[in-house]
Amino acid sequence: MTRRGNLWALVLGFLLLAGGAGAYTWHAATGRAASAGGAGAEADFTLGSGSPGALWFRDTASGRVARLDAAAPGGRTARGPRCDRFHAAGDTALCLQRRPGVPARSFVLVLDRRLREQRRMSLPGIPDRARVSASGNVLAWTTFATGDSYATSAFSTRTSILDLRTGYLIKNIEEIPLSLGGRRHHAPDVNYWGVSFARDDNRFYATVATGGHTYLVEGDLGNWSARALKENVECPSLSPDGTRIAYKKKVSDDPRAPWRLHVLDLATLREHPLAESRSVDDQASWTGPGTLAYAYGGAVWTVPADGTGAPRRAAAGASSPVVPR
């Protein structure tokens, strides 16, 4: 072969290798997205699939996101990614995964409507609460930085908010100016957790703990401010119409059973207990205008929001319930 022929052979070989490498890179990237969603990327297992009112949750046995749909074949399907906490709304899902090792760390996974991974972040702590705004545009999550139970005073939390429209991440909302009793409150022991968003993607509700007390706060992201509305409110969940807050209220000093679920009318600040008399440590989820779902004793239960009726077990071996809006 001539010298020129050798040169062309080398160039051709290089192009073939480069093309093969490029194809592998593309395949690996798309393969990662598919594996993140697992079989959940299939068309019949998306946030918009299933009959209205289908319940989504974390399946305890597999750790995967699952759907319970009475109208679907088999009823219960677990084909989503593995999560320790899960929530979804609009075309967005939020998945918190605990990573093995010490100190405790977690992954935050932002998923699309087909439950495919779109973004991944690493953060310190143990996954605790997860919420997506009704539009799917704004996400919030809470991790335990120290401790792992709200029933003791030896815990510290870290709550973050991510706006998917701008990509802006608030790593910890503890620096938000807080008004308590009409006055600006400064204290080193301030902890926030359990965010719930209003439909405008700006206003939110959360729990703040300080000075040995817990309060329901109303926050404003645009004005970067928060004000306390009522004492002894934990893990608030705003109703679909924006008029009521479901929450857990401390009713006992017994660390084995300190709480009872209540609903608060935001206009009057009047509250009533729910028919669920057991101590529930969860951020309840509105499955409709008049029903709440929550995890207790390794299962998901539902109960009417008006205080009538009785608890009903909706799914065994389940947690993180949500009916995506």
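Keep in mind that the numbers below use all heavy atoms, side chains included, and drop hydrogens, waters and symmetry copies.
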Practice task
Under the side chain to side chain contact (heavy atoms under 4.5 Å, CB included) rule, what do R116 and Q118 come out as? Steps first, then yes or no, please.
Solution key: CA-CA 6 Å; R116 297 175 302 187; Q118 302 299 301; 4.0 Å; yes

Exercise for the section: Take L139 and V110 through the test side chain to side chain contact (heavy atoms under 4.5 Å, CB included) and record every step on the way to the result. Expected result: CA-CA 9 Å; L139 317 179; V110 180; 3.7 Å; yes

Practice task
For side chain to side chain contact (heavy atoms under 4.5 Å, CB included), just list the numbers for L264 and R270, CA-CA rounded to whole Å, side-chain angles, deciding distance to a tenth of an Å, and then say yes or no.
Solution key: CA-CA 6 Å; L264 173 73; R270 293 178 180 173; 5.8 Å; no

Practice task
Decide side chain to side chain contact (heavy atoms under 4.5 Å, CB included) for L115 and V65; before the verdict, give the C-alpha distance in whole Å, the side-chain angles of both, and the deciding distance to 0.1 Å.
Solution key: CA-CA 9 Å; L115 303 184; V65 174; 4.2 Å; yes

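Every pair passing salt bridge (charged side-chain N to carboxylate O under 4.0 Å, His left out) that includes a residue from residues 91-100 is listed here, sequence neighbours excluded: D91-R113. Within the structure, the disulfide bond (SG atoms under 2.5 Å apart) test picks out no pair touching residues 159-188 (sequence neighbours left out). Residue pairs meeting the salt bridge (charged side-chain N to carboxylate O under 4.0 Å, His left out) criterion with at least one partner in residues 210-226, sequence neighbours excluded, are R203-E218, E218-R227. Identified under the disulfide bond (SG atoms under 2.5 Å apart) test for residues 51-89, with sequence neighbours left out: C83-C95. Sequence neighbours left out, not one pair with a member in residues 302-325 passes ring-ring contact (aromatic ring centres under 6.0 Å, His included). Listed by first and then second residue, the ring-ring contact (aromatic ring centres under 6.0 Å, His included) pairs that reach into residues 50-74 are F45-W56, sequence neighbours excluded.
Checked by atom type and distance alone, the side chain of S237 pairs as donor or acceptor with a backbone atom of A284 at under 3.5 Å. Not one N or O on the side chain of R129 forms a donor-acceptor pair closer than 3.5 Å with the backbone of V195. Not one N or O on the side chain of D163 forms a donor-acceptor pair closer than 3.5 Å with the backbone of V138. Side-chain atoms of T92 come within 3.5 Å of backbone atoms of G136 as a donor-acceptor pair (strictly under, hydrogens ignored). Proximity of a side-chain donor or acceptor of T143 to a complementary backbone N or O of A145 within less than 3.5 Å is not detected. Looking at D265, its side chain never comes within 3.5 Å of a backbone N or O of L269 through a donor-acceptor pair. Of the possible polar contacts, one joining the T157 side chain to the Y192 backbone as a donor-acceptor pair under 3.5 Å is found. Within the 3.5 Å criterion, the main-chain N or O of A295 finds a donor-acceptor partner in the side chain of D282. Of the possible donor and acceptor atoms, none in the side chain of T207 sits under 3.5 Å from a partner among the backbone N and O of G194.
For the pair V217/L229, no side-chain contact is recorded, criterion being any heavy-atom separation below 4.5 Å from C-beta on. Side-chain atoms of W286 and L238, non-hydrogen and from C-beta on, never get closer than 4.5 Å to each other. Side-chain contact between Y247 and L216 is absent, with no heavy-atom pair separated by less than 4.5 Å. The side-chain heavy atoms of W193 and C235, taken from C-beta on, include a pair separated by under 4.5 Å. Annotation: side chain of T243 is not in contact with side chain of L266 (no heavy-atom distance under 4.5 Å).
Under the 3.5 Å distance criterion, with hydrogens and angles disregarded, no donor-acceptor pair is assigned to the side chains of T142 and D128. For E276 and W301, the side-chain atoms include no donor-acceptor pair closer than 3.5 Å. For the 3.5 Å distance criterion, the side chains of E271 and H262 fail to qualify, holding no donor opposite an acceptor. Checked by atom type, the side-chain pair Y294/Q283 shows no donor-acceptor distance below 3.5 Å. Side chain to side chain, D241 and S239 meet the donor-acceptor criterion of an N or O pair below 3.5 Å. If you check the side chains of D84 and Q97, you find no donor sitting under 3.5 Å from an acceptor.
Rounding to the nearest 0.5 Å places CG of L221 at 5.5 Å from CG of N202. To the nearest 0.5 Å, atoms CH2 (W141) and CZ (R158) are separated by 10.0 Å. Annotation: the span from R244 atom CZ to L292 atom CG amounts to 8.5 Å, rounded to 0.5 Å. We find the NZ-CG distance between K249 and N232 to be 6.0 Å, quoted to the nearest 0.5 Å. In this structure, OG on S62 lies 7.0 Å from CZ on R82, to the nearest 0.5 angstrom. For the atom pair CG (L94) and CG (L164), the distance works out to 9.0 Å, reported to the nearest 0.5 Å.
No path of Ile, Leu, Val, Met, Phe, Trp and Tyr side chains, each step under 4.5 Å between heavy atoms, connects I161 with L169, placing them in separate hydrophobic clusters. Hydrophobic clustering (ILVMFWY, side-chain heavy atoms < 4.5 Å, transitive): F107 and L111 are in one cluster.
Contact check on D281 versus K248 returns a salt bridge, with a Lys/Arg side-chain nitrogen under 4.0 Å from an Asp/Glu carboxylate oxygen. Ionic pairing of R114 and D112 is not present here: no N-O contact between side-chain nitrogen and carboxylate oxygen is shorter than 4.0 angstrom. The pair R76-D69 fails the salt-bridge criterion, with no side-chain N (NZ, NE, NH1 or NH2) lying under 4.0 Å from an Asp/Glu carboxylate O.
Applying the side-chain hydrogen bond (donor to acceptor under 3.5 Å, both in side chains) rule to R105 yields the partners S122; only residues at least two apart in sequence or on another chain are considered. For A88, the side chain to side chain contact (heavy atoms under 4.5 Å, CB included) partners two or more places apart in sequence, or in a different chain, are L47, F86, A93, P324. Taking the side-chain hydrogen bond (donor to acceptor under 3.5 Å, both in side chains) definition, one finds that R67 meets it with S49, sequence neighbours left out. Remark: T291 pairs with T287, T302 by the side chain to side chain contact (heavy atoms under 4.5 Å, CB included) rule, at least two apart or across chains.
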Under 3.5 Å, sequence neighbours excluded: what are the donor-acceptor pairs made by side chains of residues 304-315?
unit_1, atom_1, unit_2, atom_2, d
D306, OD1, T308, N, 3.0
D306, OD1, T308, OG1, 2.6
D306, OD2, T308, OG1, 3.4

Side chains of residues 170-182: which donor-acceptor partners sit under 3.5 Å, not counting sequence neighbours?
unit_1, atom_1, unit_2, atom_2, d
N172, OD1, E174, N, 3.2

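Residues Y296 and S279 share a closest heavy-atom pair of CE1-O, 3.4 Å. For I126 against A104, the heavy-atom pair with the smallest separation is CG1-CB, 3.8 Å.
For CZ of R183, the number of neighbouring non-hydrogen atoms (other residues, nucleotides, ligands) closer than 6.0 Å is 12 at most. Counting heavy atoms of neighbouring residues, nucleotides and ligands inside a 6.0 Å radius, atom CZ of R184 exceeds 12 of them.
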